[in-house]
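Just follow the structure's listing: the first ligand is 1, and inside any ligand the first atom is 1. The first residue in the sequence is number 1, and the count goes up from there. Treat the numbers as computed from the prediction; the structure is a model and nothing was measured.
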Amino acid sequence: MSGVKTLGQFIIEKQADFPYAKGELSRLLRDLAIAAKIVNREVNKAGLMDIIGDTEDINVQGETQKKLDVYANEQFISALKSGGECCIVVSEENDDYIYIDSEISRNAKYIVAIDPLDGSSNIDVNVAVGTVFSIYRRKSTEGKATLRDALQKGTEQVAAGYIVYGASTMLVYTTGVGVNGFTLDPSIGEFCLSHPQMKIPKDGKIYSINEGNYKRFPEGVKKYIKYCQVEDDATNRPYTSRYIGSMVADLHRNIIKGGIFIYPTTAGSPRGKLRLVYECNPIAFIIEQAGGRATNGFSRILDTEVDSLHQRSAIFVGSENMVLLAEKFMSEYSEDIRADTESRLENLGIIGGID
Ligand SMILES: O=P(O)(O)OC[C@H]1O[C@](O)(COP(=O)(O)O)[C@@H](O)[C@@H]1O
Ligand SMILES: [Mg+2]
Ligand SMILES: [Mg+2]
């Protein structure tokens with residue numbers, strides 16, 4: 001096992017890159033890793049535990065909460081509360097933000113936004129699921145941290161990461177200086193550096209989208225899918241379609257192999273399905289740090305104004321050249337869609353908020 005570098009060792013080592021660091025972010029990342037190990041333990045034996053299936057509760061997204069959604073949410077929130085480095089938690093599973101009003105936390109510097117269990121529809125069928133997290137520094141300097149502190153643009157993130165609970169469990173994160181991946185070694189209970197300086201290939205031949213929604217996709221997306229399916233050796237087509245249905249797992253594959261993941265707007269969801277604050281922004285930060293691209297089909301995800309905790313966004317993310325081409329199709333074919341979407345939102349009196 002010589003030469004193994006654990007996540008803890010790596011974080012401390014990298015802390016030296018930030019001369020003014022006092023270790024708060026390092027400890028916060030440690031707390032997230034601890035919760036990930038606890039969730040991993042339950043995911044691994046889910047079939048044997050009363051952790052499969054639905055609860056009776058519906059979350060703010062209108063989705064039935066899975067037992068593992070709730071369990072993972074509790075584990076991450078309690079690890080953040082006891083760690084003391086975070087004053088606000090925004091979670092997919094909680095309607096409102098959680099202000100941690102404890103002695104050790106109320107003056108903490110950081111805000112954490114989290115999707116505690118990503119890929120919920122795959123929990124009961126033993127397919128890879130994940131966790132996504134995003135970390136911001138609070139902006140307000142006096143009194144209690146506020147909603148404003150939680151509604152920062154993706155460009156303000158100081159760190160972001162995901163955990164994929166798959167054949168092996170990996171934690172992948174960035175603090176804005178590249179992306180590194182760690183594999184959990186259950187025999188020592190440590191995340192160990194296995195994928196240093198991850199880089200997504202500029203090009204790939206995997207496209208990842210739920211084609212079951214084809215009829216409801218914007219014209220630009222339909223055209224791009226057709227482009228991917230054309231027989232043409234010179235351009236390495238047809239591409240391969242891969243869709244796990246857990247965003248984290250689909251993205252992890254694409255970071256390693258190259259590819260594009262698209263969850264666009266659809267006729268029924270004019271703002272898309274995935275959530276900006278704890279899904280799209282952290283993933284966009286990681287992908288950009290790995291040399292890829294992340295947009296909503298028109299503009300950079302990280303520049304998107306954030307005006308509500310559970311705001312949704314379309315996402316086109318992955319290998320730079322593939323996303324650029326998809327955007328080209330979107331701009332060529334989507335003027336009418338955009339005009340239609342915006343006028344329908346105006347009619348519904350919904351500009352900016354969640355739909
Ligand atoms: O079933 P669909 O509509 O293709 O949606 C799948 C997408 O929804 C998600 O499951 C949404 O995330 P949650 O499971 O965290 O709600 C993504 O992981 C996945 O990419
Ligand atoms: Mg999710
Ligand atoms: Mg989730």
Side-chain angles (χ1 to χ4, degrees), residues 35-36 39 42-43 46 51-55 57-77 89-95 112-134 160-166 206-217 221 225 241-255 259-284 286-287 294 301 309-318 354-355:
V39 170
E42 300 307 307
V43 167
I51 212 156
I52 291 232
D54 298 349
T55 67
D57 306 319
I58 306 283
N59 65 15
V60 66
Q61 335 279 341
E63 295 159 354
T64 305
Q65 285 182 314
K66 297 273 183 185
K67 289 179 183 167
L68 202 55
D69 283 325
V70 175
Y71 179 83
N73 196 37
E74 286 162 359
Q75 294 312 316
F76 279 99
I77 292 173
V89 181
V90 174
S91 168
E92 176 192 1
E93 303 306 334
N94 295 79
D95 299 14
V112 175
I114 194 157
D115 175 359
L117 208 286
D118 179 64
S120 306
S121 63
N122 281 325
I123 295 170
D124 301 356
V125 291
N126 201 7
V127 170
V129 291
T131 292
V132 196
F133 64 85
S134 168
Y162 62 79
I163 296 110
V164 55
Y165 311 98
I206 292 174
Y207 69 103
S208 196
I209 185 167
N210 184 344
E211 290 187 65
N213 297 330
Y214 183 85
K215 286 215 170 348
R216 290 176 266 159
F217 286 155
V221 172
I225 292 173
S241 170
R242 288 280 183 278
Y243 191 72
I244 296 168
S246 297
M247 173 190 67
V248 164
D250 280 310
L251 277 150
H252 185 67
R253 179 206 49 242
N254 290 356
I255 290 182
I260 184 169
F261 172 87
I262 303 176
Y263 208 110
T265 60
T266 54
S269 301
R271 290 203 172 257
K273 172 182 180 177
L274 301 177
R275 285 53 58 123
L276 182 62
V277 172
Y278 42 80
E279 289 173 320
C280 301
N281 271 335
I283 291 297
I286 294 162
I287 289 283
I301 291 279
L309 297 173
H310 304 286
Q311 177 176 339
R312 298 175 193 257
S313 172
I315 186 161
F316 294 65
V317 59
I354 66 171
D355 53 279

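Comment: Arg275 engages Glu63 in a salt bridge, judged by a side-chain N to carboxylate O separation of less than 4.0 angstrom.
The shortest distance between side-chain heavy atoms of Phe76 and Val89 does not fall below 4.5 Å. Side-chain contact between Thr131 and Asp115: absent, with no pair of heavy atoms (C-beta onward) separated by less than 4.5 Å. Taking the side chain as every heavy atom from C-beta outward, Ser208 and Asn254 approach each other to under 4.5 Å.
Residue-and-atom listing of protein N/O/S atoms under 2.8 Å from the Mg ion (ligand 3), sorted by chain and number: Glu92 OE1, Asp115 OD1, Leu117 O.
Atom NE2 of His310 and atom CD of Glu279 lie 11.0 Å apart (nearest 0.5 Å).
Ring geometry for His252 against Tyr162 counts as perpendicular: the plane angle is over 60°, on a 0 to 90° scale with 30° as the lower cut.
Within 4.0 Å of ligand 1, protein heavy atoms come from Glu63, Glu92, Asp115, Leu117, Asp118, Gly119, Ser120, Asn210, Tyr243, Gly245, Ser246, Met247, Phe261, Tyr263, Lys273, Leu274, Arg275, Glu279.
Listed by chain and residue number, Asp50 satisfy the salt bridge (Lys or Arg N to Asp or Glu O under 4.0 Å) test with Lys67 (two or more places apart in sequence, or in another chain). Remark: Tyr207 engages no residue in a ring pair (Phe, Tyr, Trp, His ring centres under 6.0 Å) (not counting sequence neighbours).
Neither side chain, Thr64 nor Asp54, offers a donor N or O lying under 3.5 Å from an acceptor on the other.
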